[in-house]
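Once you've had a glance at the structure underneath, I'll fire off some questions.
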Amino acid sequence: MKKVNIDRLDMLSFLNGLVFYAPVALLVRTNAGVTMAQFFVLQAILSITVFLLEIPTGVITDRIGYKNTMILAQITMFLAKVLMLAAFLTGSYRIFVIEAVAEGFSACFLSGTQDAYIYSVYRNEQYAVKMAHVANFGTAGFVLSTLLYVGLYHFGGIGMLIMSTMMACGVGIPCAAGIRREPTVREPGSEDAIPVASKGSVMGILVVFSDVRMILMVFLASGFSLGFLLINFFYVDKLAVCGLREELMSPIIIAYSVTQMLAEKILGWIEHAHYRTVMLVSIILSGVVMILFAYNRTTMVVIGIMVLLPLLLSFSEFILDYMMNTHIDRCGQANNRATVLSVANMVSNIMEIVFLFASAYIVSIGISACFVSAGIILMLFGIGVYWKHIENKVEI
C-alpha cells in the first residue's frame, strides 16, 4: 500500500490533541468557583447543544463543504478556549456556560466532517488506515501535552495550561485553511446503488436509515461511545477496587494511548476484503475482555485489559466508519454525507445525555454491571451487523 505522508490534516489533529489542562479539567472549573452540581450542568449543556445542533450543522456542512466547515470549527474552538480562559480568570459561571455552548458548536461542526472529508479524499482501503493515521497524531498530541502538563502547571498554574492549549488551537486555524479542498462528489455509477428520491431530499436521507443494516451500525457505533465513556469515567474507580493508587492512572492513560496508535499498522496489514470478519472478531474480544474486566481483580490482568481495550474498540470503530460511508454511497446520498453522519451521531449524543443525568444510578448498580452490559451490547450489535451484511451479500 502507498505510504500516507504527514499532511496538514495530521498536523491539525496533533494541535487539537494538545489539551494541556486535560489532567485537571475539573479543577479548571472548581478553582474558579464552580460547584460540582454546576460542573455537571455545564457538561449537560455541552451535550444538549451538540444534540440540538447536530443535524442543522450537518446540513450547513453539506452546503459549504468539508474544508470550509473544518476552518469554521477550528475558529469556534479557538473562541471557546478564549472564553474558558476569561471564565477562569474572572470566575464567571455565565462565561463558562457560553464557553460550553461554543464548544458544543465546534463539536457539531466537526461531527462527521473529518470522517466525510477523509472518505472523499482517501477512498477504498486507504480510508480506515488514514482515519487511524490522523487519530494517531491526535493521540501523540494528547500524550505530549500530558507529559508537559506537570512543568507548565508548576510554572504557570492552570492559567498557563489553558493559555498553551488556546495557542495550539489558534495555530490550528491557518493549518485548517491550508488543507486541500475535497474533490467533487462522484455519482454512484455502480449497479449496487439504491435508487432514491431527488438528491438532497429528506426522503433520500430516510432511505439510508430504512435499511436494518444502517440501524444496527448506528447502535453499534453508540456501543463504542458507551465503551469509551466507561473507560473515561470508571477506569480510576477500578483501580481503587483493586487496591491500587489513583496516581497510576496517568501512566495507564499514556500506555493505552500509545497502544491505540497500533491500529493504523494493523489496518494496513489486513486485506480490505477481510475487514468485516476482523471487525467481528475484534468486537467479540472487546466484549469478552469487558466482562472479564468487570469481575477480575488481579492487578496484571486489570492493567493489561485497561491498556488493550481502547485499541480493540478504536480499531473496530475505524472499520465501522468505513462501512457506514459505503452504505451512504450505495443509497446515493454522497452529497448529504455530513447530514447523514450527523443523524447517526445523534444516537450517541442521546446516550451520553442519558448517561450524564443517570450517572448516580449507574454508580449505584456498580461499575461491574456497567462493563458487563456494555460488553454484551457490543457483541450483540456486532454480530447483528456482520450477519445482516452476510445475509444481504453486501461487499464493503
Side-chain angles (χ1 to χ4, degrees), residues 15-58 60-61 69-114 138 141-142 145 149 157-170 172-173 176 222 225-226 228-229 231-233 342 345-360 362:
L15 290 168
N16 287 337
L18 294 172
V19 184
F20 296 96
Y21 61 81
V24 289
L26 179 62
L27 295 181
V28 171
R29 279 81 175 182
T30 55
N31 280 17
V34 174
T35 66
M36 285 299 296
Q38 289 175 324
F39 172 77
F40 281 108
V41 170
L42 288 174
Q43 295 302 108
I45 289 173
L46 172 61
S47 296
I48 292 172
T49 300
V50 173
F51 173 73
L52 293 177
L53 299 176
E54 187 78 65
I55 294 179
T57 52
I60 293 173
T61 297
T69 299
M70 285 191 284
I71 296 173
L72 182 59
Q74 196 67 27
I75 293 173
T76 308
M77 189 186 304
F78 173 72
L79 292 176
K81 297 299 183 286
V82 173
L83 287 168
M84 176 179 287
L85 180 61
F88 175 77
L89 294 176
T90 62
S92 172
Y93 182 69
R94 181 176 299 178
I95 299 179
F96 272 121
V97 170
I98 299 174
E99 182 272 329
V101 174
E103 188 175 337
F105 262 105
S106 177
C108 286
F109 280 122
L110 283 177
S111 177
T113 302
Q114 181 172 282
F142 173 75
S145 62
Y149 143 76
I158 293 178
M160 177 65 75
L161 297 175
I162 300 174
M163 189 174 300
S164 299
T165 305
M166 183 182 72
M167 291 172 63
C169 192
I173 297 175
S222 299
S225 297
L226 179 59
F228 281 113
L229 276 174
I231 289 172
N232 293 333
F233 277 84
S342 293
N345 288 335
M346 284 187 67
V347 177
S348 297
N349 294 337
I350 292 173
M351 290 187 66
E352 186 171 339
I353 292 172
V354 171
F355 178 81
L356 288 169
F357 281 112
S359 57
I362 292 175

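All of these numbers come straight from a predicted model, not from anything done at the bench.
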- prompt: Can you tell me how far CG of L161 sits from CZ of F88, rounded to the nearest 0.5 angstrom?
  reply: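 One gets 9.0 Å once the value is rounded to the nearest 0.5 Å.
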task: Report the distance from atom CD1 of I60 to atom CZ of F109, rounding to the nearest 0.5 Å.
output: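 It is 4.5 Å, given to the nearest 0.5 Å.
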Student check: side-chain heavy atoms of T35 and Q38 closer than 4.5 Å: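 T35 reaches Q38 side chain to side chain.
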query: Does CE in M163 sit with more than 12 non-hydrogen atoms of other residues, nucleotides or ligands closer than 6.0 Å?
result: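 Not more than 12 within 6.0 Å, no.
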query: Does some side-chain heavy atom of F142 sit less than 4.5 Å from a side-chain heavy atom of V19?
result: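 SC-SC contact between V19 and F142 ruled out.
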field: Non-hydrogen atoms of G17 and S145 that approach each other most closely
entry: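 The pair with the smallest heavy-atom distance is O-OG, 3.6 Å.
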- prompt: Would you say M84 and T165 make side-chain contact, with heavy atoms under 4.5 Å?
  reply: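 The answer is no, as the side chains (C-beta and beyond) never meet within the 4.5 Å cut-off.
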- request: Can you measure from OG1 (T30) to CG (L27) and round to the nearest 0.5 angstrom?
  value: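 That separation rounds to 4.5 Å.
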task: Can you see which heavy atom on C108 is nearest to which on E54, and at what distance?
output: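 Minimum heavy-atom separation between C108 and E54: SG-N, 3.9 Å.
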task: Check whether any side-chain heavy atom of M77 sits under 4.5 Å from a side-chain heavy atom of M166, and report yes or no.
output: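 When only atoms from C-beta onward are counted, M166 and M77 do not touch, as no gap falls below 4.5 Å.
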- prompt: Looking at CE of M346 and CG of L53, how far apart are the two atoms once the value is rounded to the nearest 0.5 Å?
  reply: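 If we round to the nearest 0.5 Å, M346:CE and L53:CG are 10.0 Å apart.
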Shortest non-hydrogen separation from L83 to A102 and the atoms involved: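 Closest pair (atom of L83, atom of A102, distance): CD1-CB, 4.1 Å.
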- request: Hey, could you give me the CG/CG distance between L110 and L72, rounded to the nearest 0.5 Å?
  value: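 Taking CG in L110 and CG in L72, the distance rounds to 9.5 Å.
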- prompt: When rounded to the nearest 0.5 angstrom, what is the spacing between CD1 in I173 and CD1 in I71?
  reply: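 So the CD1 of I173 and the CD1 of I71 are separated by 10.0 Å.
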Any side-chain heavy-atom pair of Y21 and K81 under 4.5 Å: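 Sidechains of K81 and Y21: in contact.
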message: Does any part of the side chain of Y93, heavy atoms only, come nearer than 4.5 Å to the side chain of V41, both counted from C-beta?
response: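 Yes - at least one pair of side-chain heavy atoms lies under 4.5 Å apart.
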message: Tell me whether Y149 at atom OH has more than 12 heavy atoms from other residues, nucleotides or ligands lying less than 6.0 Å away.
response: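 Result for OH/Y149: enclosed.
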message: I need the minimum non-hydrogen distance between S342 and G58, along with the two atoms involved.
response: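 Shortest heavy-atom contact: OG-CA, 3.5 Å.
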- prompt: Looking only at heavy atoms, what is the nearest atom pair of T69 and T113, with distance?
  reply: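 That would be CG2-OG1, 3.7 Å.
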field: Shortest non-hydrogen contact from A100 toward L42
entry: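 Result for this residue pair: CB-O, 4.0 Å.
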field: Backbone of C169 reached by a side-chain donor or acceptor of Q74 within 3.5 Å
entry: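 Yes; at least one donor-acceptor contact below 3.5 Å.
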